[in-house]
Asker: 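Below is a structure I'd like to ask you about.
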Amino acid sequence: MKERLQQHIRRALQSCFSQGQLHSGHCPDFTVEVPAHVEHGDFSTNVAMLLAREEKQAPRKVAEALVAALGQGDGLWNRVEIAGPGFINFFLTPRCWFGVLDEVVRQGRSYGCGQQGAGRKVQVEFVSANPTGPLHIGHGRGAATGDAVASVLQAAGYQVQREYYINDAGNQMDTLGRSLYLRYRELLGEDIAFPQDCYQGVYIKDLAREVLERDGERLLELPEKQAIRHFAEYGGGRIRNGIEEDLQAFGVGFDNWYSEQGLYDRGEVEAGIALLKERGLTYEQEGALWLRTSDYGDDKDRVLVRSNGATTYFASDVAYHKEKFERGFDLVVDVWGADHHGYVPRMKAMLAGLGRNPEDLQIILVQLVNLLRDGQQVAMSTRSGEFVTLREVIDEVGRDACRFFFLMRRSDSQLDFDLELAKKQSNENPVYYVQYAHARICSINRNARDQGLQPPELGQVDVDRLTLDEELALAKALDRYPETVAGAARHFEPHRIVFYLQDLAARFHSYYNKERVLSEDPETSRARLYLVNCVRTVLQNALLLLGVSAPETM
RNA sequence: GCGCGAUUAGCUCAGCUGGAUAGAGCGUUGGCCUCCGGAGCCAAAGGUCACAAGUUCGAAUCUUGUAUCGCGCGCCA
């Protein structure tokens, strides 16, 4: 709708230029917005105020010329007014608003999808937790966010790949192996002083016991190094499988699991470093190899190869991201914990150094989750290994509530997650509010069928029967859905969908309480059924983007 | 110390590319079931958008400074 108005305004502008009412001859970057107050119409544009300076005329004068040129707009609006400092307000006809219903029915499941990303490949990498322990609640937020961002981008027309980067190289795997090995020896009766820098969680003991049951005592015979490697491989594999199962329970699936170790095995890390050297972006100092990231906006230069010859984590990240783009992605999205925000400049710098536009890498920072129970903070400490796992939360509050809660705030603001609240089946809990709206409409459909009334087919309804303000408001809300999805995709902000859903559900509940859909008059009932099923379609489409189910009964 | 982010109703938070009289949920108070599912609805109260300058037709939004809070600042991953 917005776009149609923009076209009309542009056309009016051109005609003013050619007819000589206006002189500057160029079209400013104006906006068409939904005003905050209904008295200001359905849409409002600031174009006259933007032109005023160049035209050397009062904004309202410019607006008058434009309004004269706008004409009747093919019946799109029934009134145009100039208001305030020079806004032009449009009052659209109900008939044109209810046209959106046919659009929803025509497009069905794809209503809301757009073409802004058509022909572009994007990769979304998220979760990417180390395979050294189970996923915790923070990973859950990253998983929900990454998956929803990927879905939203898909809806915007991008070809999307979901990828999980497995940090299976470096000394953390060694630490995992050592932790397991020591617990194993402990189980066999040895008195072990378990080191601080080993993984403390109980899952380590469980895994060690598992190995003991499988392999018996014979691993004690192995040389320590070999034993540790054995434990690392076995434990890493088991933990990875566990992570995959947890994600599956959460409804998150990946197209690709990408191993860091594989980068080393194929010589990609070496190749990456060689390329940077070739481009003259590196130098040696005190026996280490540095990358000149500070030439591209970073605070300081960063080490790629340490003086002991070992490569840094950053070096494999260089190789990884270089390789991502070689795979042909036009856009790469990384979802990180916000505590890594200090790494953003060096990643962008690295891309710039490689001759790639830093904008082609978007990094979404996901803030901490503050876990509460009845308003009291649940104690968590990674060091002691006492943390609440994602699986525990899914089992306790359910997948839908869990996902919805993770997406209720913008990802870069901290999130309070109250376990008791998420479980409550009451009006305090926002998850069910939206799902309930969907279930209610399904219930209406069941009742309608009992009365021999089917949800009407495309256009088989008289929209003039829809005369209530609430009905018009619902149609307007449905019209706003596609641009909401587009905005969520452009800004990588899935929480916009959540807010939209709450708004749409509220409008529906309000309507439902005020007026019966199945009324005395069959034609009116059919029209309302048509409207309400459009609401259902959009609720379902939006919930689907978030990975939350749209139940028919609750 | 340097850098990044935050600061909006009692609480938790939205607020689009700078737009007109700043919004929602929860909580509080008072109403609504003979009625398609009350997991719902209606109404009221509640604000110096941290503070101070600046930019302009117009600032919660942009700039600078101040305060408070959080995070990050390794040849760790």
Asker: What integer number of Å spans the C1' atoms of B:U8 and B:G47?
Answerer: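 Going atom to atom, C1' in each nucleotide, I get 8 Å.
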Asker: What nucleic acid atoms does A:His340 come within less than 4.0 Å of, heavy atoms only: base, sugar-phosphate, or nothing?
Answerer: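 Touches a base.
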Asker: Reckon A:Arg516 touches a base, only the sugar-phosphate, or nothing at all at heavy-atom distances under 4.0 Å?
Answerer: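 Touches a base.
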Asker: Without hydrogens or angle criteria, can the side chains of A:Thr524 and A:Ser519 be said to hold a donor-acceptor pair below 3.5 Å?
Answerer: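 Short answer, no.
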Asker: If I pick the C1' atom on B:U28 and the same atom on B:A67, what distance separates them, to the nearest angstrom?
Answerer: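 Looking at atom C1' only, B:A67 and B:U28 are 32 Å apart.
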Asker: Do A:Leu466 and A:Tyr530 have side-chain heavy atoms sitting under 4.5 Å apart?
Answerer: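 Result no, sub-4.5 Å side-chain heavy-atom pair not found.
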Asker: Take atom CZ of A:Arg496 and atom P of B:C13, then tell me their distance rounded to the nearest Å.
Answerer: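 Answer to the nearest Å: 19 Å.
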Asker: Categorize A:Arg302 for me: base, sugar-phosphate, or nothing, with a 4.0 angstrom heavy-atom threshold over every strand shown.
Answerer: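 Nothing, no nucleic acid heavy atom in range.
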Asker: Expressed in whole Å, how much space separates the P atoms belonging to B:C13 and B:A6?
Answerer: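 That atom pair is separated by 14 Å.
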Asker: On the six-membered ring of A:Phe406, is A:Arg403 placed so that its NZ or CZ lies under 6.0 angstrom from the centre and within 45° of the ring axis?
Answerer: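 No; the conditions do not both hold, so A:Arg403 does not lie above the ring face of A:Phe406.
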Asker: Do any side-chain nitrogens or oxygens of A:Arg440 fall under 4.0 Å of OP1 or OP2 in B:G38?
Answerer: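 Looking at the OP1 and OP2 atoms of B:G38, one of them is under 4.0 Å from a side-chain N or O of A:Arg440.
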Asker: Using a cut-off of 4.0 Å on non-hydrogen atoms, how would the nucleic acid contact of A:Thr31 be classed: base, sugar-phosphate, or nothing?
Answerer: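 Here A:Thr31 touches the bases of the nucleic acid.
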Asker: Quick one: label A:Tyr432 by what it contacts on the DNA or RNA (base, sugar-phosphate, nothing), any heavy atom closer than 4.0 Å.
Answerer: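 Base contact - A:Tyr432 has a heavy atom under 4.0 Å of at least one base atom.
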Asker: Is the phosphate of B:U7 approached by A:Ser413 (side-chain N or O, under 4.0 Å from OP1 or OP2)?
Answerer: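 No, because none of the side-chain N or O atoms of A:Ser413 sits under 4.0 Å from OP1 or OP2 of B:U7.
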Asker: What integer distance in Å separates A:Asn46:CG from B:A59:P?
Answerer: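 Going from A:Asn46 (CG) to B:A59 (P), I get 15 Å.
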Asker: Under the ring pair (Phe, Tyr, Trp, His ring centres under 6.0 Å) criterion, do A:Tyr258 and A:Tyr320 qualify, and how do the steps go?
Answerer: CA-CA 9 Å; A:Tyr258 195 96; A:Tyr320 181 38; 5.0 Å; yes
Asker: Under 4.0 Å, counting only non-hydrogen atoms across every strand here, what does A:Ser443 touch: a base, just sugar-phosphate, or nothing?
Answerer: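 A:Ser443: base contact, heavy atoms under 4.0 Å.
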Asker: Please figure out whether A:Glu39 or A:Lys514 has its closest RNA chain B nucleotide nearer the 5' end.
Answerer: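 Counting from the 5' end, the first nearest nucleotide belongs to A:Glu39.
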Asker: Give the rounded distance in Å between these two atoms: CG of A:Leu415 and C1' of B:U12.
Answerer: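 Distance check: A:Leu415 CG to B:U12 C1' gives 10 Å.
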Asker: When rounded to the nearest Å, what value does the distance between C1' atoms of B:C32 and B:U17 take?
Answerer: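 So the two C1' atoms sit 43 Å from each other.
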Asker: For B:C16 and A:Arg410 - does any side-chain N or O of the residue sit under 4.0 Å from the phosphate oxygens OP1/OP2?
Answerer: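 Checking A:Arg410 against B:C16: no side-chain N or O falls below 4.0 Å of OP1 or OP2.
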Asker: Could you give the distance separating B:C57 and B:G10 at their C1' atoms, to the nearest angstrom?
Answerer: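 Straight-line distance between the two C1' atoms is 38 Å.
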Asker: Does some side-chain heavy atom of A:Asp42 sit less than 4.5 Å from a side-chain heavy atom of A:Val34?
Answerer: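 Answer no - side chains too far apart.
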Asker: Write down the distance between CG (A:Asp29) and P (B:U17), rounded to a whole number of angstrom.
Answerer: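 My rounded result for the distance is 12 Å.
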Asker: Roughly how far apart, to the nearest Å, are B:C51 and B:U7 at atom P?
Answerer: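 Going atom to atom, P in each nucleotide, I get 13 Å.
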Asker: Classify A:Ser519 by what it touches in the nucleic acid, base, sugar-phosphate, or nothing, heavy-atom distance under 4.0 Å.
Answerer: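 Contact class for A:Ser519: none.
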Asker: As a test of reading the structure: which of B:C16, B:A20, B:G3 is closest to the side chain of A:Ala83, going by heavy atoms?
Answerer: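 Out of B:C16, B:A20, B:G3, the nucleotide with an atom closest to A:Ala83's side chain is B:A20.
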Asker: Syn or anti for B:C32, taking syn as within 90° of 0?
Answerer: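 Judged by the O4'-C1' to base torsion, B:C32 sits in anti, the angle falling more than 90° away from 0.
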Asker: Find the distance A:Ile363:CD1 to B:C4:C1' and express it as a whole number of Å.
Answerer: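 One finds 13 Å between C1' of B:C4 and CD1 of A:Ile363, rounded.
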Asker: After noting the C-alpha distance and the side-chain angles of A:Tyr511 and A:Glu471, does the key distance pass the side-chain hydrogen bond (donor to acceptor under 3.5 Å, both in side chains) rule?
Answerer: CA-CA 7 Å; A:Tyr511 175 51; A:Glu471 290 164 340; 2.6 Å; yes
Asker: For the residue pair A:Trp336 and A:His341, is the inter-centroid distance of their aromatic rings smaller than 6.0 Å?
Answerer: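 Centroid distance A:Trp336-A:His341: not below 6.0 Å, so no.
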Asker: Does OP1 or OP2 of B:G15 have a side-chain N or O of A:His495 closer than 4.0 Å?
Answerer: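 It does, given that an N or O in the side chain of A:His495 lies less than 4.0 Å from OP1 or OP2 of B:G15.
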Asker: For A:Phe231, is the NZ or CZ atom of A:Arg178 found under 6.0 angstrom from the centre of its six-membered ring and inside 45 degrees of the ring axis?
Answerer: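 No, A:Arg178 does not sit over the ring of A:Phe231.
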Asker: Rounding to an integer number of Å, can you tell me how far A:Leu407 CG sits from B:G25 C1'?
Answerer: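 Checked: the CG to C1' distance equals 17 Å.
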Asker: Hey, does the side chain of A:Tyr433 come within less than 4.0 Å of B:C41's phosphate (OP1/OP2), counting only N and O?
Answerer: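 Yes, A:Tyr433 has a side-chain N/O under 4.0 Å of OP1/OP2 on B:C41.
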Asker: Between A:Arg507 and A:Glu470, does any NZ, NE, NH1 or NH2 come within less than 4.0 Å of an OD or OE carboxylate oxygen?
Answerer: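 Not counted as a salt bridge, because no side-chain N and carboxylate O are separated by less than 4.0 Å.
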Asker: Closest-nucleotide mapping onto RNA chain B: is A:Glu81 or A:Phe314 further toward the 5' terminus? I mean the 5' end.
Answerer: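 Between the two, 5'-proximity favours A:Glu81.
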Asker: Under 4.0 Å: is that the gap between some side-chain N or O of A:His491 and OP1 or OP2 of B:U17?
Answerer: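 Yes, A:His491 has a side-chain N/O under 4.0 Å of OP1/OP2 on B:U17.
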Asker: Run the side-chain contact (heavy atoms from CB on, under 4.5 Å) check on A:Gln414 and A:Val369 step by step: do they pass?
Answerer: CA-CA 6 Å; A:Gln414 283 195 24; A:Val369 177; over 6 Å; no
Asker: Over how many whole Å does the gap from A:Arg528 atom CZ to B:C35 atom C1' extend?
Answerer: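 Atom CZ in A:Arg528 sits about 14 Å away from atom C1' in B:C35.
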Asker: The criterion is side-chain contact (heavy atoms from CB on, under 4.5 Å); which residues satisfy it with A:Arg306, sequence neighbours excluded?
Answerer: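 In terms of side-chain contact (heavy atoms from CB on, under 4.5 Å), with neighbours along the sequence ignored, A:Arg306 is linked to A:Val303, A:Asn308, A:Ala310, A:Thr312.
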Asker: Once you apply a heavy-atom cut-off of 4.0 Å, does A:Glu515 come out as touching a base, just sugar-phosphate, or nothing?
Answerer: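 Base contact.
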Asker: Going by 5.5 Å between centroids and 30° between planes, is there a stack of A:Phe87 over B:A20?
Answerer: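 Here the ring of A:Phe87 and the base of B:A20 are stacked, with centres under 5.5 Å and planes under 30°.
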Asker: Report yes if the ring of A:His341 lies under 5.5 Å from the six-membered base ring of B:G72 with planes under 30°, and no otherwise.
Answerer: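 No, A:His341 does not stack on the base of B:G72, since the centre distance and plane angle fail the 5.5 Å and 30° test.
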Asker: Provide the distance between the two C1' atoms, one in B:C11 and one in B:G1, to the nearest whole Å.
Answerer: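 Each nucleotide's C1' atom is 36 Å from the other's.
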Asker: Does A:Gln435 reach a base, just sugar-phosphate, or nothing at all? Heavy atoms under 4.0 Å.
Answerer: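 The answer is nothing, as A:Gln435 stays clear of every strand by at least 4.0 Å.
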Asker: Could a donor-acceptor pair under 3.5 angstrom be found where the side chain of A:Tyr343 meets the base of B:C76?
Answerer: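 Check passes, donor-acceptor contact within cut-off.
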Asker: At 4.0 Å (heavy atoms only), tell me whether A:Gln451 reaches a base, stays on the sugar-phosphate, or touches nothing.
Answerer: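 Counting heavy atoms under 4.0 Å across all strands, no contact is made by A:Gln451.
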Asker: Rounded to whole Å, please give me the gap between CG in A:Leu50 and P in B:C57.
Answerer: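 Taking atom P of B:C57 as the reference, CG of A:Leu50 is at 11 Å.
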Asker: Between B:C2 and B:A24, how far is it from one C1' atom to the other, in whole Å?
Answerer: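 39 Å, rounded to whole Å.
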Asker: Is it true that A:Trp77 and A:Phe91 have ring centroids separated by less than 6.0 Å?
Answerer: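 No: the rings miss the under 6.0 Å criterion.
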Asker: Any carboxylate oxygen within less than 4.0 angstrom of a Lys/Arg side-chain nitrogen, looking at A:Glu33 and A:Lys2?
Answerer: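 Not counted as a salt bridge, because no side-chain N and carboxylate O are separated by less than 4.0 Å.
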Asker: OP1, OP2 of B:C76 versus side-chain N and O of A:Thr312: anything below 4.0 Å?
Answerer: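 Looking at the OP1 and OP2 atoms of B:C76, neither is under 4.0 Å from any side-chain N or O of A:Thr312.
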Asker: Would you sketch RNA chain B in dot-bracket for me? Only Watson-Crick or G-U wobble pairs with both distances under 3.5 Å count, crossing pairs as [ ], other-strand pairs as |, the rest as dots.
Answerer: (((((((..((((.....[...)))).(((((.......))))).....(((((..]....))))))))))))....
Asker: How far apart are the C-alpha atoms of A:Thr132 and A:Gln172, what are their side-chain angles, what is the distance that settles it, and do they pass the side-chain hydrogen bond (donor to acceptor under 3.5 Å, both in side chains) test?
Answerer: CA-CA 7 Å; A:Thr132 57; A:Gln172 56 199 339; 5.3 Å; no
Asker: With a 4.0 Å cutoff (strictly under), does any side-chain N or O of A:Tyr512 reach OP1 or OP2 of B:G38?
Answerer: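 The answer is yes; a side-chain N or O of A:Tyr512 sits under 4.0 Å from OP1 or OP2.
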Asker: Which is true for A:Glu284 with a 4.0 Å heavy-atom rule: it touches a base, it touches only sugar-phosphate, or it touches nothing?
Answerer: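 Nothing, no heavy atom under 4.0 Å.
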Asker: Heavy-atom contacts under 4.0 Å between residues 165-176 of chain A and RNA chain B, which residues?
Answerer: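 Of all residues in residues 165-176 of chain A, the ones placing a heavy atom under 4.0 Å from RNA chain B are A:Ala169, A:Asn171, A:Gln172.
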